[in-house]
Amino acid sequence: MKIRQITPAIGAEISGVHLGEASRDPSLFAAIKAALLAHKVLFFRRQDITRAEHVALAGRFGKLEDHPVAGSDPEHPGLVRIYRSDNPHSYENNYHCDGLWRPNPAMGAVLRCIECPEIGGDTIWVNMVKAYEELSEDIRQKIVGLRARASIEHSFGAVMTAEARAKLAQEHPSVEHPVVRTHPETGEKILFVGAGFSTHFTNYSTPANVRHGIDKAPGASLLLNYLISRATIPEYQVRWSWQQGDVAVWDNRCTQHYALNDYWPAPRKMERAGIVGDIPY
Ligand code: SIN
């Protein structure tokens, strides 16, 4: 197995590995898991693997999750289809970590390219540990103990009818997470708000932050938007140009990603096995 680091901040390309083998071989899988903790997102070119091998590999990390809006492959529960062939609308072209709207957002994911446009359709990943570490000391002090709400309603729900949106919100009520979480395996601190799902701070209002009721919302939303904007800094990112069969494996606890929607009307088909995560602290 060869590891080629792609940027100083994040991402490595792994060669000399067949992921079908890795789905069966515990020591090969352990080497991949170690590389994932070190590099946060791993890329494997042109992997000729079956859907069963895809879900078996992801299943080595943990239980797989379904998605309430994007459907799964009927024969492979947990293998979510992200197919853009008949609809220009995209949910993935904003910075997000998958399932931030869940009480336990995904631990990670294994994404395989089934079909990609000749030009365009790249995906960007961001190192959110670096995004936290490079905040100024005064901002880091200001966000200690802060919590933020995340919801699926205002993202996936935005293009639904009011009735469908209300049903989605009822079935998946919004949740609250720490603004800075700790990685359960590496101990790293992570900036844990994102454009995709974070809506507002839930405990911003203190005598120090709010002197008059009216300054509560603007002060909080300026700070939240500032934190959200940190994911867009190129020095924290890696960008992958897909070829058919490529696989990306990412640690969703400490990264965000953004899939560019610049290829319509060319089709783009991806299949993602998302791995159930734990409750952030
Ligand atoms: C996702 O947002 O999980 C999918 C990323 C992609 O389609 O490249």
Side-chain angles (χ1 to χ4, degrees), residues 1-7 9-65 67 70 72-73 76 78-82 92 95-99 105-114 116 121-129 183-186 188 190 236-259 269-278:
M1 171 168 140
K2 271 177 60 183
I3 302 179
R4 179 182 70 86
Q5 194 174 338
I6 303 176
T7 77
I10 179 172
E13 181 177 346
I14 309 289
S15 54
V17 168
H18 185 264
L19 288 177
E21 289 298 311
S23 74
R24 291 178 284 272
D25 177 342
S27 63
L28 182 52
F29 174 76
I32 290 173
K33 174 87 193 281
L36 181 64
L37 290 179
H39 298 286
K40 301 184 169 49
V41 54
L42 304 178
F43 303 101
F44 303 79
R45 273 283 180 220
R46 293 193 166 271
Q47 290 287 319
D48 184 18
I49 58 171
T50 63
R51 289 191 168 94
E53 287 172 327
H54 183 164
V55 293
L57 174 71
R60 282 204 164 264
F61 288 98
K63 206 167 161 296
L64 303 188
E65 59 184 29
H67 194 279
S72 283
D73 182 289
H76 299 96
L79 193 60
V80 172
R81 291 167 155 174
I82 304 170
E92 295 85 24
Y95 289 96
H96 64 283
C97 89
D98 285 337
M107 169 263 146
V110 179
L111 179 73
R112 183 161 182 268
C113 175
I114 304 299
C116 48
D122 296 355
T123 309
I124 292 168
W125 278 265
V126 191
N127 179 343
M128 296 306 294
V129 172
H183 195 291
E185 295 186 83
T186 65
E188 293 165 308
I190 300 155
Y236 305 162
Q237 299 182 346
V238 63
R239 178 168 171 156
W240 188 252
S241 279
W242 296 96
Q243 294 171 17
Q244 191 270 323
D246 285 1
V247 171
V249 180
W250 68 90
D251 187 334
N252 191 58
R253 298 164 293 191
C254 55
T255 61
Q256 291 187 20
H257 53 281
Y258 181 121
K269 292 189 177 171
M270 311 294 282
E271 293 180 353
R272 184 186 72 204
I275 303 139
V276 173
D278 47 17

Trainee: Do Lys40 and Glu188 sit within salt-bridge range, that is, some charged N less than 4.0 Å from a carboxylate O?
Mentor: yes
Trainee: Specify the closest pair of heavy atoms between Ala9 and Asn127, including all atoms of both residues, with the distance to one decimal.
Mentor: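 Residues Ala9 and Asn127, closest heavy atoms: O-ND2, 2.9 Å.
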Trainee: What pair of heavy atoms forms the shortest contact from Ala58 to Ala273, and how long is it?
Mentor: CB-CB, 3.5 Å
Trainee: Looking at Leu36 and Val249, what are the two nearest heavy atoms and their distance?
Mentor: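 Looking at all heavy atoms of both residues, the shortest contact is CD1-O, 3.5 Å.
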Trainee: Any chance you could lay out the side-chain contact (heavy atoms from CB on, under 4.5 Å) test for Ile49 and His18, step after step, and finish with the verdict?
Mentor: CA-CA 8 Å; Ile49 58 171; His18 185 264; 3.8 Å; yes
Trainee: Grab the two heavy atoms, one from Gly11 and one from Phe43, that are nearest each other, plus how far apart they are.
Mentor: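 Of all heavy-atom pairs spanning Gly11 and Phe43, the closest is CA-CE1, 4.4 Å.
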Trainee: Less than 4.5 Å apart, side chain to side chain, heavy atoms only: is that true for Arg253 and Cys97?
Mentor: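 Arg253 does not reach Cys97 side chain to side chain.
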Trainee: Please determine whether side-chain contact (heavy atoms from CB on, under 4.5 Å) holds for the pair Val41 and Ile10, giving the CA-CA distance in whole Å, both sets of side-chain angles, and the decisive distance to 0.1 Å.
Mentor: CA-CA 7 Å; Val41 54; Ile10 179 172; 3.7 Å; yes
Trainee: Ignoring hydrogens, what is the shortest heavy-atom contact between Glu21 and Leu28? Give both atom names and the distance.
Mentor: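 Where Glu21 meets Leu28 most closely, the heavy atoms are CB-CD2, 4.0 Å.
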Trainee: Are the side chain of His54 and the backbone of Val110 linked by a donor-acceptor contact shorter than 3.5 Å?
Mentor: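 Yes, the answer is positive, given that a donor and an acceptor are paired below the 3.5 Å cut-off.
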Trainee: Evaluate the side-chain proximity of Ile32 to Leu19: yes if any heavy-atom separation is below 4.5 Å, no if none is.
Mentor: yes
Trainee: Pick from Met128, Glu185, His183: which one makes a side-chain contact (heavy atoms from CB on, under 4.5 Å) with Cys254?
Mentor: His183
Trainee: Holding to side-chain contact (heavy atoms from CB on, under 4.5 Å), I want the full list of residues that pass it with Glu65, two or more places apart in sequence or in another chain.
Mentor: Arg102, Ala106, Val276
Trainee: Can you check whether Asp251 reaches Leu37 side chain to side chain, under 4.5 Å on heavy atoms?
Mentor: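 They are in contact (side-chain heavy atoms under 4.5 Å apart), so the answer is yes.
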Trainee: Return yes if some donor-acceptor pair links the side-chain N/O of Arg24 with the main-chain N/O of Gly20 below 3.5 Å, else return no.
Mentor: yes
Trainee: How many angstroms lie between CZ in Arg272 and SG in Cys113, if you round to the nearest 0.5 Å?
Mentor: 14.5 Å
Trainee: Are Ser72 and Leu79 close enough that some pair of their side-chain heavy atoms sits under 4.5 Å apart?
Mentor: no
Trainee: Is any side-chain N of the basic residue among Arg112 and Glu53 closer than 4.0 Å to the acidic one's carboxylate O?
Mentor: no
Trainee: Got a sec, which residues hit side-chain contact (heavy atoms from CB on, under 4.5 Å) with Arg45, two or more places apart in sequence or on another chain?
Mentor: Glu13, Trp240, Gln243, Asp246
Trainee: Not counting sequence neighbours, which residues clear ring-ring contact (aromatic ring centres under 6.0 Å, His included) with His76? List them please.
Mentor: none
Trainee: Between Asn252 (side chain only) and Asp98 (backbone N and O only), is there a donor and an acceptor less than 3.5 Å apart?
Mentor: yes
Trainee: Please report the closest heavy-atom contact between Leu64 and Gly59, naming both atoms and the distance.
Mentor: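 Residues Leu64 and Gly59, closest heavy atoms: CD2-N, 4.0 Å.
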Trainee: State which residues pass side-chain contact (heavy atoms from CB on, under 4.5 Å) with Ala12; sequence neighbours excluded, sorted by chain then number.
Mentor: Ile3, His39, Leu42
Trainee: Output all residues satisfying side-chain contact (heavy atoms from CB on, under 4.5 Å) with Ala38, sequence neighbours left out; order by chain, then residue number.
Mentor: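 Expected list: none.
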Trainee: Enter the distance from Ile14:CD1 to Met1:CE here, rounded to the nearest 0.5 Å.
Mentor: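 Answer for the CD1-CE pair, Ile14 versus Met1, is 4.5 Å.
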Trainee: Distance-only, no hydrogens or angles: does the His96 side chain make a donor-acceptor pair with backbone N or O of Tyr258 under 3.5 Å?
Mentor: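 Checking the backbone N and O of Tyr258 against the side chain of His96, no donor-acceptor pair under 3.5 Å is found.
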Trainee: Using a 3.5 Å distance criterion without hydrogens, assess whether the side chain of His257 forms a donor-acceptor pair with backbone atoms of Glu92.
Mentor: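 Not confirmed, His257 side chain does not pair with Glu92 backbone.
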Trainee: Supply the atom-to-atom distance Asp73 CG to Glu271 CD, rounded to the nearest 0.5 angstrom.
Mentor: 6.0 Å
Trainee: Given side chains that start at C-beta, do those of Ile190 and Val129 come closer than 4.5 Å, heavy atoms only?
Mentor: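 Ile190 vs Val129: side chains touch.
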Trainee: How long is the gap from CD1 on Ile275 to CH2 on Trp250, to the nearest 0.5 Å?
Mentor: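 If we round to the nearest 0.5 Å, Ile275:CD1 and Trp250:CH2 are 9.0 Å apart.
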Trainee: So how far is it from Trp242 CH2 to Cys116 SG, rounded to the nearest 0.5 Å?
Mentor: 9.0 Å
Trainee: Using ring-ring contact (aromatic ring centres under 6.0 Å, His included) as the criterion, list what pairs up with Phe61, not counting sequence neighbours.
Mentor: Phe29
Trainee: How long is the span from the CD1 atom in Ile114 to the CD atom in Gln244, to the nearest 0.5 Å?
Mentor: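 Taking CD1 in Ile114 and CD in Gln244, the distance rounds to 7.0 Å.
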